[in-house]
Amino acid sequence: MNRIRWTATTCAAAFAAACLASTSAAAQRAIVRGQVIDTQSGQPVPNAAVYVDDNRTAVLADAQGRFEVKHVRPGTRGIWARVPGYTMDLSLVEVPADSVRVTLRMQGDPVRLATLQVTTSRLDRRARGYAGTVRVFREADLAGMWYSNVGQLVQSRARVYATPCRRIYSLSRSYASSSCVSTRGTVAASHVIVDEAPWLGGVGDLRDFHLADVARVEVYGHGREIRVYTRQFMDWISKRPYVPTPLGFGV
């Protein structure tokens, strides 16, 4: 029975073969490019979140509805887009080894879109009525940002940083806040509201919200109150009359 002698040359050859196999496997990834359009008007649908298969990470279409999804495994893949006020069925696309171009057609509901515009206008009026500092990041703003989650956005653009809480004293009582922010050299209690409901996770857990899943972020009083609106929630309120809740937790 012949035995293989594992010399330095043999090992190098085996390592090279393994590298080639790994490189070949990694190369079997494709790029899906395309555009999201309105089925009725034929116009681009801007800022749509585009998903491939069950991947939670989405890419955002630009103002012309164009998108590009990289590192897609070849084969039959499910692809769909989400944006408030529109619906779309899952599309099956045959992805080759290199790249493919697809057109995603979304069905818009004029009534839902009108309701959504009214709600957005009310949210803007509430923000303008706040006497202190406020930063509002709308859907169109979020579409052009490279941040992967809301935590990165709030830290980089609003300069609000999650920090351990200390005992905070008010005129009537002292209390320990469960969520605090550091801004301008001071530590303050912070309240996070997600889809109009208090979020117990606090500022530190804003990184759990992927930017592609979010339609709007509001930062009041240097982070004393942060409001996050998901695309799913905005789509839900587009189907019914809705009045935004007033501010009042941390501001």
Side-chain angles (χ1 to χ4, degrees), residues 29-124 135-150 152-153 156-157 195 209-218 228-239 242:
R29 299 286 174 167
I31 300 177
V32 177
R33 298 184 179 93
Q35 187 178 31
V36 185
I37 66 172
D38 186 305
T39 300
Q40 295 177 331
S41 67
Q43 296 299 311
V45 177
N47 310 330
V50 180
Y51 296 83
V52 175
D53 281 348
D54 57 352
N55 192 349
R56 283 285 299 163
T57 302
V59 298
L60 292 177
D62 62 15
Q64 297 301 317
R66 296 186 296 260
F67 65 88
E68 179 178 285
V69 185
K70 299 180 179 179
H71 310 298
V72 179
R73 289 182 294 110
T76 304
R77 300 286 167 244
I79 182 170
W80 74 99
R82 286 175 50 192
V83 67
Y86 284 87
T87 60
M88 177 187 171
D89 295 329
L90 177 69
S91 294
L92 295 179
V93 177
E94 191 63 31
V95 179
D98 47 5
S99 65
V100 65
R101 183 171 297 276
V102 299
T103 299
L104 301 181
R105 304 178 185 276
M106 304 195 74
Q107 184 73 31
D109 186 334
V111 175
R112 290 171 63 180
L113 290 174
T115 304
L116 184 62
Q117 290 173 356
V118 170
T119 298
T120 302
S121 177
R122 290 174 177 173
L123 290 172
D124 287 338
R135 296 291 304 274
V136 177
F137 303 96
R138 299 171 180 83
E139 188 174 37
D141 303 322
L142 301 177
M145 295 181 178
W146 60 267
Y147 310 110
S148 63
N149 59 69
V150 176
Q152 291 179 348
L153 165 70
S156 299
R157 300 298 293 270
D195 293 342
F209 292 92
H210 296 279
L211 211 61
D213 294 333
V214 174
R216 184 183 178 97
V217 178
E218 302 173 351
V228 179
Y229 295 89
T230 65
R231 287 173 176 265
Q232 183 177 5
F233 178 79
M234 294 296 283
D235 187 59
W236 180 80
I237 63 178
S238 72
K239 305 172 186 176
Y242 170 79

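The basis for the numbers below is simple: all heavy atoms, side chains too, and nothing from hydrogens, waters or symmetry mates.
With Arg82 contributing its side chain and Arg231 its backbone, the two residues share no donor-acceptor pair below 3.5 Å. The backbone N or O of Gln117 sits nowhere less than 3.5 Å from a side-chain atom of Ser121 that would complete a donor-acceptor pair. Formation of a donor-acceptor pair under 3.5 Å by the Asp53 side chain with backbone atoms of Gly78 is found in this model.
The nearest pair of heavy atoms linking Pro44 to Gly65 is CB-N, 4.0 Å. Considering every non-hydrogen atom in both Ala63 and Pro46, the closest pair reads O-CB, 3.4 Å. Leu142 and Ala215 get closest at one heavy-atom pair: CD1-C, 3.8 Å. Across all their heavy atoms, Leu113 and Pro84 have their closest contact at CD2-O, 4.0 Å.
You'll find the side chain of Val50 reaches within 4.5 Å of the side chain of Val59, heavy atoms only.
Under a cut-off of 6.0 angstrom, the local environment of CD in Gln232 is sparse, with at most 12 non-hydrogen atoms contributed by other residues, nucleotides or ligands. Remark: Lys239 NZ is packed, more than 12 non-hydrogen atoms of other residues, nucleotides or ligands lying under 6.0 Å away.
Atoms CD1 and CG, on Ile79 and Leu104 in that order, are 5.0 Å from each other to the nearest 0.5 Å. Distance CG/Asp141 to CZ/Arg216: 9.5 Å, rounded to 0.5 Å. Here the CD1 atom belonging to Ile237 is positioned 7.0 Å from the OG1 atom belonging to Thr120, to the nearest 0.5 angstrom. Taking CZ from Phe67 and CG from Leu60, the interatomic distance works out to 12.0 Å, rounded to the nearest 0.5 Å. Interatomic distance, CD of Glu139 versus CE of Met234, reported as 7.5 Å (0.5 Å rounding). For the atom pair CZ (Arg29) and NE2 (His71), the distance works out to 9.0 Å, reported to the nearest 0.5 Å.
The salt bridge (charged side-chain N to carboxylate O under 4.0 Å, His left out) analysis of residues 112-123, with sequence neighbours excluded, yields the pairs Arg112-Asp235. Counting only residues at least two apart or in different chains, side-chain hydrogen bond (donor to acceptor under 3.5 Å, both in side chains) contacts with residues 33-43 comprise Arg33-Glu68, Asp38-Tyr86.
The pair Arg138-Asp124 counts as a salt bridge, with a side-chain nitrogen and a carboxylate oxygen less than 4.0 angstrom apart.
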**Request:** Test Thr87 against Asp109 for side chain to side chain contact (heavy atoms under 4.5 Å, CB included), laying out the working first.
**Result:** CA-CA 8 Å; Thr87 60; Asp109 186 334; over 6 Å; no
**Request:** Apply side chain to side chain contact (heavy atoms under 4.5 Å, CB included) to the pair Val69 and Ile31, showing each step before the final yes or no.
**Result:** CA-CA 6 Å; Val69 185; Ile31 300 177; over 6 Å; no
**Item:** Tyr229 and Leu123: CA distance, side-chain angles, deciding distance, side chain to side chain contact (heavy atoms under 4.5 Å, CB included) verdict
**Value:** CA-CA 11 Å; Tyr229 295 89; Leu123 290 172; 3.8 Å; yes
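The aromatic rings of Tyr242 and Phe233 lie perpendicular to each other, with more than 60° between the two planes, well past the 30° mark.
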Can you give the donor-acceptor pairs under 3.5 Å from side chains of residues 90-100 to other protein atoms, not counting sequence neighbours?
unit_1 : atom_1 : unit_2 : atom_2 : d
Glu94  : OE1    : Thr76  : OG1    : 2.6

